[in-house]
Number of protein chains: 2
Amino acid sequence: MMTKEETEKFKQELKERGYKLTPQRRAILNVIIENEGRHLSPEEIYEFVKKECPEIGLATVYRTVQLLEKMGVLYRMNFDDGVSRYELVKNTADHQHHHLVCLKCGSIEEVEDDLLEVLEDKIAQKYDFFIKNHDVKFYGFCKKCRK
Amino acid sequence: MMTKEETEKFKQELKERGYKLTPQRRAILNVIIENEGRHLSPEEIYEFVKKECPEIGLATVYRTVQLLEKMGVLYRMNFDDGVSRYELVKNTADHQHHHLVCLKCGSIEEVEDDLLEVLEDKIAQKYDFFIKNHDVKFYGFCKKCRK
DNA sequence: TTAACTAATGAAAATATTTTTCATTGGGGT
DNA sequence: ACCCCAATGAAAAATATTTTCATTAGTTAA
Ligand SMILES: [Zn+2]
Ligand SMILES: [Zn+2]
Ligand SMILES: [Zn+2]
Ligand SMILES: [Zn+2]
């Protein structure tokens, strides 16, 4: 659950862009914060948020995650399972972290280490391409599934 | 256009798995080969292949690219533009190459250098995860769009 | 506090991509 | 040439997402 100060900060950020703080938006952001690390889909967020906000519509969830993405609060990701998934942007790192996707059990693990500076510098030079962010997934088999 | 030998090889690979060589499959693979580097979607493949095979159905294109993916001939990729895109698996490298995606013009450039061995070794150790392949996209601005 | 303005909402319809169904065709082995 | 069953095209269905629209409700300023 967001603290009063966090809610106030969120309200401010919305206001700056001409948006309003609604109970639905607060509830959706709460669900995402409370499930940090889970990479929820709109449908999954909807199921959680209905507990708090039973009258909410799925379209509002879609609209809100898109809004939060535009505001830089969320990242949208695609793990090739047919749905978009969202996670909080960590303001500690300027680039998105990497993901380990298990081909057997589908688990998604986060990788702290970035370690792409060398490669990115090389690419920037060789291809004359300014890199703003990256999307790095490693597919393979997790510890559990290799036993 | 595939040579007679390439077609024969394709037919063999199909046969090994109990599949048949149809004019549709040949035409679809031809389109993909002739557009190497273009990352075509099923709909785009369909438009090309209709010139050769006007009676073909879109469902056959979908079925065929999935078959070719299962056979290890194609990779399916997602550039977040709402469609799947396919490209030939290059049998020179064991891992898929990286892509530079321009956030302005949408162009997709391929990166020869892999340079992920160090990172992958580190991940394999630290996270006890066996890496089979990766999906690496760099988002940013291409040379042309930075002018 | 109230009134006014307009953004946001829920429900339903629409859209877009992909998959499935099913009757028919045709590849490939005999 | 014949048979078997995999493959096909067309249409329907399934799935995820977006849009429409009438109504509700934040926010601001009188
Ligand atoms: Zn696993
Ligand atoms: Zn993550
Ligand atoms: Zn560009
Ligand atoms: Zn490529």
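In the text below, chain A, chain B and the rest are named by the order of the sequence lines, each starting its count at 1.
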B/Arg63 has an atom CZ; how far is it from atom P of D/dG9, in whole Å? 7 Å

Quick one: does A/Arg26's side chain have a donor or acceptor within less than 3.5 Å of a partner on A/Phe10's backbone? no

Keeping B/Arg25 on the side-chain end and B/Thr64 on the backbone end, is there a donor-acceptor pair under 3.5 Å? no

Nearest to the A/Lys20 side chain among C/dA8, D/dT18, D/dA10, which nucleotide is it? C/dA8

Residue whose closest nucleotide on DNA chain C lies nearer the 5' end, A/Pro23 versus B/Glu43: A/Pro23

Base, sugar-phosphate, or nothing for A/Ser84, non-hydrogen atoms under 4.0 angstrom? sugar-phosphate

Please check if the side chain of B/Glu34 supplies one atom and the backbone of B/Met1 the other of a donor-acceptor pair under 3.5 Å. yes

Look at the side-chain N and O atoms of B/Lys11 and state whether any lies under 4.0 Å from the OP1 or OP2 oxygen of C/dG27. no

Of the listed nucleotides D/dG9, D/dA7, C/dT18, the one nearest the side chain of B/Tyr62: C/dT18

In whole angstroms, the gap separating P of D/dA16 from CG of A/Asp81 amounts to 9 Å

For the side chain of B/Thr22, counting heavy atoms from C-beta on, which of D/dA7, D/dT17, D/dG9 is nearest? D/dA7

Whole-Å gap separating P (D/dA11) and CD1 (B/Ile56): 16 Å

So if I take every side-chain heavy atom of A/Gln66 and compare against D/dA16, C/dA8, D/dT18, which nucleotide ends up nearest? D/dT18

Rounded to whole Å, please give me the gap between CD1 in B/Ile28 and P in D/dA7. 12 Å

B/Asn78 atom CG is separated from D/dA16 atom C1', nearest whole Å, by 13 Å

Tell me which nucleotide among C/dA11, D/dA16, D/dT8 gets nearest to the side chain of A/Val83. D/dA16

A/Glu16 CD - D/dT28 C1' separation (whole Å): 17 Å

Rounded to the nearest angstrom, tell me the gap between atom CG in B/Leu29 and atom C1' in D/dA7. 17 Å

Has A/Asn78 got a side-chain atom pairing as donor or acceptor with B/Asp80's backbone, closer than 3.5 angstrom? no

Proximal nucleotide (of C/dA8, C/dT9, D/dG9) relative to the A/Gln24 side chain: C/dT9

Using whole Å, report how far CG of A/Asp80 lies from P of C/dT18. 11 Å

Assign each of B/Arg25 and B/Tyr46 to its nearest nucleotide of DNA chain D by heavy atoms, then name whichever residue's nucleotide is nearer the 5' end. B/Arg25

Quick check on DNA chain C: between B/Tyr19 and B/Gly82, whose nearest nucleotide comes earlier from the 5' end? B/Gly82

Side chain of B/His95, backbone of B/Lys132: donor and acceptor closer than 3.5 Å? yes

